[in-house]
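Take a look at the following structure, please.
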Amino acid sequence: MHARAVAASTTALLGTVALLFPASPARAAGGGPLVIAHRGASAYAPENTLAAVDKAAELGIRWVENDVQRTRDGELVVLHDDNLRRTTDVEEVYPDRAPWKVKDFTAAEIARLDAGSWFGPAYAGARVPTLEQFVDRVERHHQKLLLEIKNPELYPGIERQTLKVLSNEGWLDRSHLAGRLIVQSFSADSVRTVHELKPAVKTGFLGTPPVSDLPVYAGFADQINPSYGSLSTAYVASVQAFTGPHGRPLEVFTWTVDDAGTAQRVAGYGVDGIITNKPDVVREAVDG
């Protein structure tokens with residue numbers, strides 16, 4: 001193909017991408033970074049439950065983060081750990097089923113568990129939601145979703161399955177893809193798989209890869225999302241200097257920041273988003 005034709009094709013492609021992926025909401029607004037409720041507003045309600053989504057909505061937080069695992073019978077549920085011990089009463093309900101791994105229980109068995117009492121009596125009876133239930137609740141509040149695929153090595157094919165659920169629930173249409181959905185993982189292979197299966201989905205890699213490796217990540221990830229302790233102004237600027245798969249500068253969402261001082265510090269680094277258990281505290285710190 002001649003250079004002129006290549007340039008024309010590239011310009012047309014980037015124009016299409018620009019329509020689907022508007023400029024970063026954080027930078028476009030000219031204000032502080034986006035605030036993302038980690039596992040819902042998890043400082044105030046049990047993490048990854050519908051109550052945590054509701055609490056984030058009550059606080060006026062537009063972005064909610066969640067974690068996806070898979071049951072023995074192939075259902076996707078929203079839970080951070082790969083076992084059920086920490087955030088449910090599984091040891092009481094199924095005392096002979098140690099080590100209580102998510103993958104060893106059916107969706108119906110998990111639906112019996114209390115996922116709220118550990119947090120406080122007001123949340124007794126809260127359940128581990130399915131992915132369908134979770135995204136439906138996010139949709140009800142007109143919120144946006146940062147979805148993390150957890151432990152993909154335990155669940156072969158979970159990327160395709162997650163995308164299928166999102167599609168079935170209406171989350172892969174143009175309006176959601178344009179600014180309401182990001183899929184992330186600590187597994188670069190998992191992020192790459194999501195990108196290959198559904199290139200229109202915005203993706204993020206959780207971690208702090210060396211700057212020398214960023215050209216590779218920029219081929220399949222729109223975001224590099226590190227722990228706040230690993231960040232610096234120079235690193236954030238280095239990430240944002242690369243162009244991601246959708247023709248936009250790579251973004252940086254950092255985690256997990258729960259106090260005002262740290263929020264102000266990482267905002268000063270130029271991050272695009274802050275993931276937090278206390279979204280009200282962080283919002284006040286970066287917008288005040």
Q) Are R97 and E109 side-chain neighbours, meaning at least one heavy-atom pair lies under 4.5 Å? A) yes
Q: Test N48 against every option in D67, T87, N66 by the side chain to side chain donor-acceptor pair (under 3.5 Å) rule and name the one that passes.
A: D67
**Q.** Residue Y44 excluded, over 12 heavy atoms near OH under 6.0 Å
**A.** yes
**Q.** Verdict with supporting geometry, D173 and S175, side-chain hydrogen bond (donor to acceptor under 3.5 Å, both in side chains)
**A.** CA-CA 6 Å; D173 64 9; S175 64; 3.1 Å; yes
Q. In terms of heavy-atom contacts, does CZ of R72 have more than 12 from other residues, nucleotides or ligands at under 6.0 Å?
A. yes
Q. Is a side-chain donor or acceptor of T49 paired with a backbone partner of P46 at a separation under 3.5 angstrom?
A. yes
Q. Quick one: does T203's side chain have a donor or acceptor within less than 3.5 Å of a partner on V183's backbone?
A. no
Q) When clusters are formed by joining ILVMFWY residues with side-chain heavy atoms under 4.5 Å apart, either directly or through shared neighbours, do L147 and L177 land in the same one? A) yes
Q) Backbone N or O of N83 within a donor-acceptor pair of the D81 side chain at under 3.5 Å? A) no
Q. Has the side chain of S167 got a donor or acceptor atom that lies under 3.5 Å from a matching backbone atom of L163?
A. no
Q | Min side-chain heavy-atom separation L76-I158 under 4.5 Å | A | yes
Q) Salt-bridged, R283 to D280, with N to O below 4.0 Å? A) no
(Q) Could you walk me through whether Y94 and F105 satisfy the ring-ring contact (aromatic ring centres under 6.0 Å, His included) test, starting with their C-alpha distance in whole Å, then the side-chain angles of each, then the deciding distance to 0.1 Å, before giving a yes or no? (A) CA-CA 10 Å; Y94 302 106; F105 288 80; 5.3 Å; yes
Q) How about T208 and Y235: do any of their side-chain heavy atoms sit closer than 4.5 Å? A) yes
**Q.** Ring centres under 6.0 angstrom apart (F134, W171)
**A.** no
Q: Kindly indicate whether the side chain of E47, heavy atoms from C-beta on, has any atom under 4.5 Å from the side chain of R86.
A: yes
Q: Determine yes or no for a side-chain-to-main-chain donor-acceptor pair under 3.5 angstrom, with Q143 supplying the side chain and I61 the backbone.
A: yes
Q.
If you apply the rule side-chain hydrogen bond (donor to acceptor under 3.5 Å, both in side chains), what do you find for D272 with Q240, and how did you get there?
A. CA-CA 10 Å; D272 299 284; Q240 293 169 341; 3.0 Å; yes
Q) Between R39 (side chain) and E65 (backbone), is there a donor-acceptor pair under 3.5 Å? A) no
(Q) If you count heavy atoms of other groups shown closer than 6.0 angstrom to CD of E153, is the number above 12? (A) yes
Q) Looking only at heavy atoms, which two atoms of G157 and R70 are closest? And how far apart? A) C-NH1, 3.9 Å
(Q) Could you check whether any side-chain heavy atom of P279 comes within less than 4.5 Å of a side-chain heavy atom of I36, counting everything from C-beta outward? (A) no
(Q) Determine whether a donor-acceptor pair (N or O, by modelled atom type, separation under 3.5 Å) exists between the side chain of D114 and the backbone of A124. (A) no
Q. Relative to the ring of F119, is the ring of Y123 parallel (under 30°), tilted (30 to 60°) or perpendicular (over 60°)?
A. perpendicular
Q.
Could you check whether any side-chain heavy atom of W255 comes within less than 4.5 Å of a side-chain heavy atom of S227, counting everything from C-beta outward?
A. yes
Q: Please answer whether the main-chain N or O of I149 pairs with a side-chain N or O of S185 as donor and acceptor at a distance below 3.5 Å.
A: yes
(Q) Check K150 with D82, please: is the shortest side-chain N to carboxylate O separation under 4.0 Å? (A) no
**Q.** Counterpart residues, side chain to side chain contact (heavy atoms under 4.5 Å, CB included), relative to K103 (two or more places apart)
**A.** K101, Y155
Q.
Can a donor-acceptor pair be found, under 3.5 Å and without considering hydrogens, that links the side chain of H246 to the backbone of P199?
A. yes
Q | I224 vs P209 side-chain heavy atoms within contact, under 4.5 Å | A | yes
Q. Using the ring of each side chain (for Trp, its six-membered ring), is F205 parallel, tilted or perpendicular to Y217, with breaks at 30° and 60°?
A. tilted
Q. Under the 3.5 angstrom rule, does the side chain of R62 hit a backbone N or O of G60 as a donor-acceptor pair?
A. no
**Q.** Flag side-chain contact, heavy atom, 4.5 Å: V102 against N151
**A.** no
